[in-house]
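Everything on this sheet refers to the single structure shown next.
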Amino acid sequence: MRRANRLVGRTLAELARHIQPGVNTLQLDKIAGEFIRDHGAIPTFKNFPNPYGGPFPANICTSVNNVVVHGIPSAKTVLREGDIISIDCGTLLDGFNGDSCYTFCVGEVTEEVRQLLVTTYEALYEGIKQAVAGNRIGDIGSAVQDHCESHGYGVVRELTGHGIGRKMHEDPMVPNYGKRGNGPKLKEGMCIAIEPMVTMGDKAISLLSDRWSVCTRDGKPAAHYEHTIAIRRGEAEILSSFDEIENIVGKIK
């Protein structure tokens with residue numbers, strides 16, 4: 001699990017070198033697919049099944065501005081100065097899955113957008129603080145929800161984090177909202193993906209006609225950060241990593 005997730009972090013860092021105005025998201029997808037395969041892994045998202053339509057057609061999810069998650073890479077989606085892009089990436093390496101997401105700035109973004117990213121990023125780590133053996137799933141969701149809503153942001157309800165291991169999506173579901181003390185108990189050795197999906201405006205979302213892309217109904221931007229972690233009796237072990245990404249783009253602040 002560590003190796004699979006570290007590869008996701010390295011893939012996102014490789015993409016960070018190419019994110020700039022004028023680049024299209026299909027170019028990023030090609031870079032990611034080649035990088036993952038060159039390192040002996042399989043892009044997990046490619047051909048991932050969809051209960052609402054056909055399998056996912058790309059290696060990564062590229063969600064720009066008001067697209068919350070599951071954006072499909074396209075030559076027609078060209079990045080512009082001031083955009084944000086959430087790139088969700090998964091790898092299958094030696095039978096185990098890695099999963100992580102990072103929201104990147106394309107050039108300079110407005111201060112309003114930057115604060116959305118900062119708050120979502122912070123919320124991820126607030127959730128991780130609660131992810132210790134003996135706590136419950138609701139403790140994670142409550143921490144994420146409280147942090148985001150205290151800053152006036154919306155927390156998407158229909159999409160959640162998840163267990164992860166031999167399969168990309170396993171039990172339990174890990175919502176980004178909830179009540180402390182509720183939900184399944186966290187046990188040492190469990191691996192889960194925590195992934196706040198946070199909107200600048202209303203939390204309502206819609207599914208686009210491609211049957212994959214999920215966007216905000218009000219058209220306002222959304223941010224998405226994700227780590228895969230292992231539950232411990234003390235502090236959780238973060239299996240994925242943002243270190244190499246932030247060596248290139250700097251830490252969002």
Run the side-chain donor-acceptor check on residues 165-173: report pairs under 3.5 Å with partners two or more places apart or on a different chain.
{"residue": "Glu170", "atom": "OE2", "partner": "Arg166", "partner atom": "N", "Å": "3.1"}
{"residue": "Glu170", "atom": "OE2", "partner": "Lys167", "partner atom": "N", "Å": "2.9"}

Partner residues of Arg6 under the side chain to side chain donor-acceptor pair (under 3.5 Å) criterion, sequence neighbours left out: none

Answer yes if the side chains of Asp139 and Ser142 hold a donor-acceptor pair under 3.5 Å, and no otherwise. no

Would Lys76 and Asn24 count as a side-chain contact (heavy atoms from CB on, under 4.5 Å) if you check the C-alpha gap in whole Å, the side-chain angles of each, and the deciding distance to 0.1 Å? CA-CA 7 Å; Lys76 296 180 180 179; Asn24 69 62; over 6 Å; no

With a 3.5 Å distance limit and no angle check, can you tell me whether Thr103 reaches the backbone of His224 through a side-chain donor-acceptor pair? yes

Could you tell me the separation between the CG atom of Leu207 and the NE2 atom of His70, rounded to the nearest 0.5 Å? 10.0 Å

Of Phe48, Tyr52, Phe45, Phe56, the residue whose pairing with Trp212 passes ring-ring contact (aromatic ring centres under 6.0 Å, His included): Phe56

Taking the side chain as everything from C-beta on, heavy atoms only, tell me whether Val156 gets closer than 4.5 Å to Val68. yes

In short, ring pair (Phe, Tyr, Trp, His ring centres under 6.0 Å) pairs touching residues 72-102 with sequence neighbours left out are Tyr102-Phe104, Tyr102-Tyr225, Tyr102-Phe242

Listed by chain and number, what are the side chain to side chain donor-acceptor pair (under 3.5 Å) partners of Ser74, not counting sequence neighbours? none

Interatomic spacing from CD in Glu81 to CD in Glu108 - rounded to 0.5 Å: 6.5 Å

Report, one line per pair, each donor and acceptor closer than 3.5 Å where one atom sits in a side chain of residues 12-22; sequence neighbours left out.
{"residue": "Glu14", "atom": "OE1", "partner": "Arg17", "partner atom": "NH1", "Å": "3.0"}

Do you know which two heavy atoms are closest between Tyr153 and Thr199, and how far apart they sit? CB-O, 3.4 Å

Salt bridge (Lys or Arg N to Asp or Glu O under 4.0 Å): pairs with one or both residues in residues 152-164, sequence neighbours excluded: Glu149-Arg157

Closest approach of His162 and Asp99, non-hydrogen atoms and distance? NE2-OD2, 3.0 Å

Could you work out, with side chain to side chain donor-acceptor pair (under 3.5 Å) as the rule, every residue matching Ser240, not counting sequence neighbours? His227

Under a 4.5 Å side-chain heavy-atom rule over Ile, Leu, Val, Met, Phe, Trp and Tyr, are Val132 and Val144 clustered together? no

Heavy-atom nearest pair, Pro221 first then Val113, reads CG-CG2, 4.3 Å

Residues Ile229 and Ala236: closest non-hydrogen pair is CD1-CB, 3.9 Å

Set out, in order, the CA-CA distance, both residues' side-chain angles and the distance that settles side-chain contact (heavy atoms from CB on, under 4.5 Å) for Val23 and Leu28, then state yes or no. CA-CA 8 Å; Val23 171; Leu28 298 177; 3.9 Å; yes

State yes or no: do Val198 and Ile84 share one hydrophobic cluster built from I, L, V, M, F, W and Y residues joined by side-chain heavy-atom distances below 4.5 Å, directly or via other members? yes

Just so I know, are the side chains of Ser206 and Arg217 near enough to count as touching, which here means a heavy-atom distance under 4.5 Å? yes

Those residues at least two apart in sequence (or on a different chain) that pass salt bridge (charged side-chain N to carboxylate O under 4.0 Å, His left out) with Arg232 are Glu237

Chi angles and distances behind the side-chain contact (heavy atoms from CB on, under 4.5 Å) call for Ile205, Val214: CA-CA 7 Å; Ile205 57 173; Val214 175; 3.6 Å; yes

Kindly check if the number of other-residue, nucleotide or ligand heavy atoms within 6.0 Å of CD (Glu112) is above 12? no

Sort and list the pairs that fulfil side-chain hydrogen bond (donor to acceptor under 3.5 Å, both in side chains) and have at least one residue in residues 56-69, not counting sequence neighbours. Asp29-Asn59, Arg37-Asn59, Asn65-Asp83

Within a strict 4.5 Å, meaning less than it, do heavy atoms of the Leu186 and Ile140 side chains meet? yes

Residue pairs passing the salt bridge (Lys or Arg N to Asp or Glu O under 4.0 Å) test where at least one lies in residues 178-202, sequence neighbours excluded: Glu188-Arg233

Between Asn5 and Thr228, do the side chains contain an N or O donor and an N or O acceptor separated by less than 3.5 Å? yes

Working note: Arg10 + His39, criterion side-chain contact (heavy atoms from CB on, under 4.5 Å); need CA distance, chi angles, decisive distance, verdict. CA-CA 10 Å; Arg10 292 170 63 196; His39 288 82; 3.1 Å; yes

Is there a path of hydrophobic side-chain contacts, each under 4.5 Å between heavy atoms, that joins Val67 and Val69? no

Using a 3.5 Å cut-off and no angle test, enumerate the donor-acceptor pairs between side-chain atoms of residues 117-124 and protein atoms at least two apart in sequence or in another chain.
{"residue": "Thr119", "atom": "OG1", "partner": "Gln115", "partner atom": "O", "Å": "3.0"}
{"residue": "Thr120", "atom": "OG1", "partner": "Leu116", "partner atom": "O", "Å": "2.8"}
{"residue": "Tyr121", "atom": "OH", "partner": "Glu246", "partner atom": "OE1", "Å": "3.4"}
{"residue": "Tyr121", "atom": "OH", "partner": "Glu246", "partner atom": "OE2", "Å": "2.7"}
{"residue": "Glu122", "atom": "OE1", "partner": "His147", "partner atom": "NE2", "Å": "2.9"}

Can you give me the closest heavy-atom contact between Gly82 and Val109, atom names plus distance? O-CG1, 3.7 Å

Same cluster or not: Leu7 versus Ile31, using hydrophobic residues (I, L, V, M, F, W, Y) connected whenever any side-chain heavy atoms lie under 4.5 Å apart? no

May I ask you to test the Ile85-Leu79 pair for a side-chain heavy-atom distance under 4.5 Å? yes

What salt bridge (Lys or Arg N to Asp or Glu O under 4.0 Å) pairs are there with at least one residue in residues 84-98, not counting sequence neighbours? Arg3-Asp94

Within this structure, what is the CD1-CD1 distance for the pair Ile60 and Ile87, rounded to the nearest 0.5 Å? 5.0 Å

Under 4.5 Å between side-chain heavy atoms, counting indirect links through other Ile/Leu/Val/Met/Phe/Trp/Tyr residues: same cluster for Val8 and Ile42 or not? no

Please answer whether the main-chain N or O of Asn182 pairs with a side-chain N or O of Arg136 as donor and acceptor at a distance below 3.5 Å. no

So how far is it from Ile72 CD1 to Leu208 CG, rounded to the nearest 0.5 Å? 9.0 Å

Does some side-chain heavy atom of Ile194 sit less than 4.5 Å from a side-chain heavy atom of Ile128? yes

What's the shortest heavy-atom distance between Gln145 and Val155, and which atoms? CA-CG2, 4.2 Å

